[in-house]
Trainee: 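Take this structure, written in structure tokens, and hold onto it; I'll ask about it next.
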Amino acid sequence: PTEIEIENIEIKEIHGDGWFKSYMDPVSITSKSSDQYKYKHLYTADENGLYKYKDMYVVAMSEKHFKVADQVIITFDDGVEIKCFIGDVKSMHDKNFNGLGHVHKVKYANGEVKEHTSIVEFFVDKNNLADINKKLGRVNKIISDGNVIEIKKIIEAN
């Protein structure tokens with residue numbers, strides 16, 4: 001039988017809150033020799049336009065800690081817990097990368113601007129994504145409006 005170990009990925013203060021749930025459409029994955037491309041045809045979109053692989057949301061996360069095909073469990077401070085499949089990795093070389101994700105400036109209706117980070121970037125079918133999500137550039141209301149408080153990497157050993 002397969003043994004499963006869990007590796008907790010530390011979320012430091014410099015990594016931000018993980019509140020911003022950014023998204024990408026996998027149509028931008030075009031390199032046929034890449035691991036990202038190898039899995040792409042296996043994803044199915046749910047009623048909200050979010051891609052899933054088996055029972056997991058397909059996401060991009062930090063290349064510092066993850067590789068394509070890794071599995072993780074993400075917990076948010078509002079109690080939501082989701083299982084994810086790594087379909088792509090976030091580049092450590094992007095100028096706004098902070099070790100786990102990317103920094104986003106969010107402007108609120110009252111004019112206030114706050115910095116939030118995107119630790120988890122969801123794969124979406126933009127054709128089936130609600131207009132409000134496209135306008136905001138995030139899928140928070142679909143997944144969770146909470147901050148990321150725990151990341152568990154699932155390690156399977158034979």
Side-chain angles (χ1 to χ4, degrees), residues 5-31 34-40 43 45-46 48-109 112-126 129-130 132-155:
E5 292 182 33
I6 300 291
E7 177 187 347
N8 286 311
I9 305 299
E10 184 180 7
I11 303 170
K12 298 177 181 173
E13 191 173 327
I14 62 164
H15 299 138
D17 56 14
W19 173 84
F20 196 95
K21 279 74 170 186
S22 58
Y23 64 81
M24 66 175 281
D25 192 321
V27 297
S28 61
I29 297 171
T30 57
S31 175
S34 70
D35 288 337
Q36 290 88 332
Y37 194 89
K38 180 171 80 173
Y39 287 98
K40 181 171 117 162
Y43 307 149
D46 68 10
N48 295 306
L50 297 173
Y51 278 109
K52 289 191 168 182
Y53 175 65
K54 300 183 180 180
D55 63 339
M56 300 170 280
Y57 289 101
V58 182
V59 301
M61 293 182 71
S62 167
E63 70 178 339
K64 184 175 180 179
H65 300 282
F66 306 101
K67 65 185 184 321
V68 172
D70 280 347
Q71 296 177 24
V72 297
I73 299 169
I74 308 291
T75 305
F76 302 96
D77 64 4
D78 59 3
V80 172
E81 183 179 273
I82 59 172
K83 193 170 180 184
C84 301
F85 177 85
I86 305 296
D88 196 8
V89 290
K90 293 180 173 222
S91 174
M92 293 186 300
H93 303 292
D94 289 351
K95 65 178 177 164
N96 66 341
F97 186 76
N98 68 6
L100 270 186
H102 297 98
V103 178
H104 294 267
K105 293 191 185 306
V106 178
K107 186 174 184 177
Y108 291 86
E112 185 179 5
V113 176
K114 290 185 180 179
E115 276 193 0
H116 293 287
T117 57
S118 171
I119 293 174
V120 186
E121 183 171 354
F122 291 83
F123 277 37
V124 302
D125 176 353
K126 278 191 185 173
L129 191 64
I132 187 67
N133 296 108
K134 291 177 190 174
K135 180 182 177 190
L136 296 173
R138 59 184 188 265
V139 294
N140 288 45
K141 297 291 184 192
I142 300 172
I143 300 295
S144 160
D145 219 15
N147 299 334
V148 175
I149 58 167
E150 188 174 60
I151 303 168
K152 295 177 185 175
K153 182 177 176 181
I154 299 169
I155 301 166

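Source: prediction; values computed, not measured.
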Trainee: State which residues pass salt bridge (charged side-chain N to carboxylate O under 4.0 Å, His left out) with K54; sequence neighbours excluded, sorted by chain then number.
Mentor: none
Trainee: Atom CE in M56, atom CD1 in I86: separation rounded to 0.5 Å?
Mentor: 10.0 Å
Trainee: Please, which pairs that meet salt bridge (charged side-chain N to carboxylate O under 4.0 Å, His left out) have at least one residue in residues 8-27, sequence neighbours excluded?
Mentor: none
Trainee: Given side chains that start at C-beta, do those of I151 and H65 come closer than 4.5 Å, heavy atoms only?
Mentor: no
Trainee: Can you tell me which residue pairs pass the salt bridge (charged side-chain N to carboxylate O under 4.0 Å, His left out) test with a partner in residues 79-95, sequence neighbours excluded?
Mentor: K90-E121
Trainee: For the pair N98 (side chain) and I14 (backbone), establish whether a donor and an acceptor sit closer than 3.5 Å, ignoring hydrogens and angles.
Mentor: yes
Trainee: Using salt bridge (charged side-chain N to carboxylate O under 4.0 Å, His left out) as the criterion, list what pairs up with E115, not counting sequence neighbours.
Mentor: K105
Trainee: Less than 4.5 Å apart, any side-chain heavy atom of M61 and any of I74?
Mentor: yes
Trainee: Report yes if the side chains of K52 and Y43 come closer than 4.5 Å at any heavy-atom pair, otherwise no.
Mentor: no
Trainee: So do the side chains of F123 and I29 get within less than 4.5 Å of each other, counting heavy atoms only?
Mentor: yes
Trainee: Has the side chain of S62 got a donor or acceptor atom that lies under 3.5 Å from a matching backbone atom of G99?
Mentor: yes
Trainee: Could you label the plane-to-plane angle of the F20 and H104 rings as parallel, tilted or perpendicular, counting under 30° as parallel and over 60° as perpendicular?
Mentor: parallel
Trainee: Determine whether I155 and I6 make a side-chain contact, defined as any pair of heavy atoms from C-beta on separated by less than 4.5 Å.
Mentor: no
Trainee: I'd like to check the salt bridge (charged side-chain N to carboxylate O under 4.0 Å, His left out) partners of E150; sequence neighbours left out, ordered by chain and number.
Mentor: K152
Trainee: Knowing that exactly one of Y39, F122, F66, Y51 qualifies, which makes a ring pair (Phe, Tyr, Trp, His ring centres under 6.0 Å) with F85?
Mentor: Y39
Trainee: For K153, give me all partners under salt bridge (charged side-chain N to carboxylate O under 4.0 Å, His left out), at least two apart in sequence or on another chain.
Mentor: D70
Trainee: Just by modelled atom types, is the G146 backbone N or O under 3.5 Å from a matching donor or acceptor in the D77 side chain?
Mentor: no
Trainee: Distance-only, no hydrogens or angles: does the D78 side chain make a donor-acceptor pair with backbone N or O of V80 under 3.5 Å?
Mentor: yes
Trainee: Do any N or O atoms from the side chain of T117 and from the backbone of G101 form a donor-acceptor pair under 3.5 angstrom?
Mentor: no
